[in-house]
Amino acid sequence: MHYLIDESLTPCAPEELRNTDRQFVAVLTPEQWAQRRGAFELGIDIDPDPDVALGTQAEVNYDAITGTVLIPDRTSPDAPDKRFAFALDEKGVVFIDAQETATGLVAAIAAARRWRRPGLERFLADFLMQIIKDDAALLRGYERELDRMEDAILDDTAVGAAERINDMRSELRDLDSHYDHLMDLTQILEENENGFFREEDLRYFRTVYGRLDKLRDQASSLRDQTLQMRDLYKMHLDVRQNHIMAALTIVTAIFAPLTLIVGWYGMNFEHMPELAWPWSYPAVALLSVAVVIGCIAFFKHRKWL
């Protein structure tokens, strides 16, 4: 995929990039990049390799900026990060993409964006914004899920809450790190060390940086909320366990005098006068009932029930 940057991204043939002074965008596979990298005349000291990258990062070379971008999978957080590399100078940017991640992002911009002031700066800013386009809604979804989880915990209907809280905490940590790395990349572009960008258009990078900063703050806040939710869930479990222990204690307290009565009259000593009395059995039964009623009344009076 090759484009010229005009009022919108205009598809073109690879040969057209050599005969124009307009800035360009190219998306190549690693094999295509290995064969044609010399045609772009980028001053690259270190060839970007997304397969060995640990995160989103950029290096300012003498005549180019190279780097890699890693994007967490929003729909399946456990899946490997989507990744691609890039190299750019004042003439344009080349994405080296084996997974068609950059391909989809560039195609979305080509289909939807038009610019009054076209340029590489505006394209790069829109490209970064395209990466985080749906993240505000994603974070709102986490917020709503945490609200529902809080209600479920208080209603004692939260099933598997502990596992989900841990998953959300891990996912939000990854997003937080993702935004932080994108902010570093945006800051490198804004610094414009090699003078590739027009000074008046650096404001586009500042806009992207501000948006990333807000998303990172929101992700951090939600991550803190998951910790609070975990504490709430643990506290709720402790309260429920205390209720169970209180119920067992009350039952034990009620049956303790009954056990004493049974043990006392189960000794069967020969000279126990109650054994020969005709009303012994009903008297012991009534005594047991009276003990149970008395214990329950006492516990209710003390508000233990």
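Computed from heavy atoms alone, side chains included, the values below leave out hydrogens, waters and symmetry copies.
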Nearest non-hydrogen partners of L70 and T56, listed with the distance: N-OG1, 3.0 Å
For M149 and A161, work out which heavy atoms get closest and say how close. SD-O, 4.3 Å
To the nearest 0.5 Å, what is the distance between CG (L175) and CD (Q218)? 10.5 Å
Flag, side chain of N194 to backbone of N61, donor-acceptor distance under 3.5 Å: yes
After noting the C-alpha distance and the side-chain angles of L189 and L88, does the key distance pass the side-chain contact (heavy atoms from CB on, under 4.5 Å) rule? CA-CA 10 Å; L189 297 177; L88 65 88; 4.3 Å; yes
With heavy-atom distances below 4.5 Å as the criterion, would you say the side chains of F127 and F95 are in contact? yes
S288 and I261: which non-hydrogen atoms are nearest, and at how many Å? OG-CD1, 4.2 Å
Any side-chain heavy atom of V106 sitting closer than 4.5 Å to one from V25? yes
What distance do K300 atom NZ and I250 atom CD1 have between them, rounded to the nearest 0.5 Å? 11.0 Å
Does D97 use its side chain to pair, donor to acceptor, with the backbone of A102 at less than 3.5 Å? yes
Do D135 and Y179 have side-chain N/O donor and acceptor atoms under 3.5 Å apart? yes
State whether the side chain of Q32 and the backbone N or O of T29 hold a donor-acceptor pair below 3.5 Å, judged by distance alone. yes
Evaluate L185 against V69 for side-chain contact (heavy atoms from CB on, under 4.5 Å), listing each step before the verdict. CA-CA 9 Å; L185 171 59; V69 177; 4.2 Å; yes
Are M168 and L227 connected in the hydrophobic side-chain network, where two residues link if heavy atoms are under 4.5 Å apart? no
Rounded to the nearest 0.5 Å, what's the gap from CZ on F197 to CD on E190? Could you check? 11.0 Å
Please check if any side-chain donor atom of E171 sits under 3.5 Å from a side-chain acceptor atom of Y142, or the reverse. yes
Shared hydrophobic cluster for I254 and L287 (ILVMFWY, side-chain gaps under 4.5 Å): yes
Looking at side-chain heavy atoms only, is the closest gap between N166 and E163 below 4.5 Å? no
Heavy-atom check, side chain of T66 versus side chain of V60, under 4.5 Å: no
Is it the case that the side chain of E90 and the backbone of G195 share a donor-acceptor pair, with hydrogens and angles ignored and the cut-off at 3.5 Å? no
Heavy atoms only: give me the nearest A108-Q130 pair and the separation to one decimal. CB-NE2, 3.5 Å
Are side-chain heavy atoms of E59 and I188 found at a separation under 4.5 Å? no
Linking I/L/V/M/F/W/Y whenever any side-chain heavy atoms sit under 4.5 Å apart, do Y204 and L120 land together? no
Nearest heavy-atom neighbours spanning R114 and S8: CG-CB, 4.2 Å
Determine, step by step, whether R173 and S170 satisfy the side-chain hydrogen bond (donor to acceptor under 3.5 Å, both in side chains) criterion, reporting the C-alpha distance in whole Å, the side-chain angles of both residues, the deciding distance to 0.1 Å, and the verdict. CA-CA 5 Å; R173 182 191 61 228; S170 177; 3.2 Å; yes
For residues I71 and T101, determine if any side-chain heavy atom of one lies less than 4.5 Å from a side-chain heavy atom of the other. yes
Distance, nearest 0.5 Å, that separates CG of L146 from CE of M229: 5.0 Å
Would you say the side chain of Q57 lies within less than 4.5 Å of the side chain of T68, judging by non-hydrogen atoms? yes
Do L182 and I132 have side-chain heavy atoms sitting under 4.5 Å apart? yes
Starting from V251, can I reach I293 by hopping between I/L/V/M/F/W/Y residues whose side chains sit under 4.5 Å apart? no
Are R122 and D201 ion-paired here, with the side-chain N under 4.0 Å from a carboxylate O? no
How close do L4 and C12 get, counting heavy atoms only, and between which atoms? CG-SG, 3.8 Å
Please assess R169 against R223 for the test side-chain contact (heavy atoms from CB on, under 4.5 Å), listing each intermediate value before the final yes or no. CA-CA 6 Å; R169 182 168 175 263; R223 188 181 173 196; 4.2 Å; yes
Between CG of D231 and CD1 of I165, what distance do you get to the nearest 0.5 Å? 9.0 Å
Is any NZ, NE, NH1 or NH2 atom of the basic residue among D213 and R216 found under 4.0 Å from an Asp or Glu carboxylate oxygen of the other? yes
When hydrophobic residues are tied together by side-chain contacts of less than 4.5 Å, even through go-betweens, does L260 share a cluster with Y281? no
Any chance you could lay out the ring-ring contact (aromatic ring centres under 6.0 Å, His included) test for F123 and Y3, step after step, and finish with the verdict? CA-CA 11 Å; F123 166 77; Y3 299 90; 8.4 Å; no
Between W115 and D6, is any side-chain donor less than 3.5 angstrom from a side-chain acceptor? no
Under-4.0 Å salt bridge between R164 and E145: yes
May I ask you to decide whether D81 forms a salt bridge with R83, counting only side-chain N to carboxylate O separations under 4.0 Å? no
Output, in order, the C-alpha distance, side-chain angles, deciding distance and verdict of side-chain contact (heavy atoms from CB on, under 4.5 Å) for L172 and L139. CA-CA 9 Å; L172 289 166; L139 294 177; 4.0 Å; yes
Looking at CZ of F205 and CD of E121, how far apart are the two atoms once the value is rounded to the nearest 0.5 Å? 6.0 Å
Do other residues, nucleotides or ligands put more than 12 heavy atoms under 6.0 Å from E100 CD? no
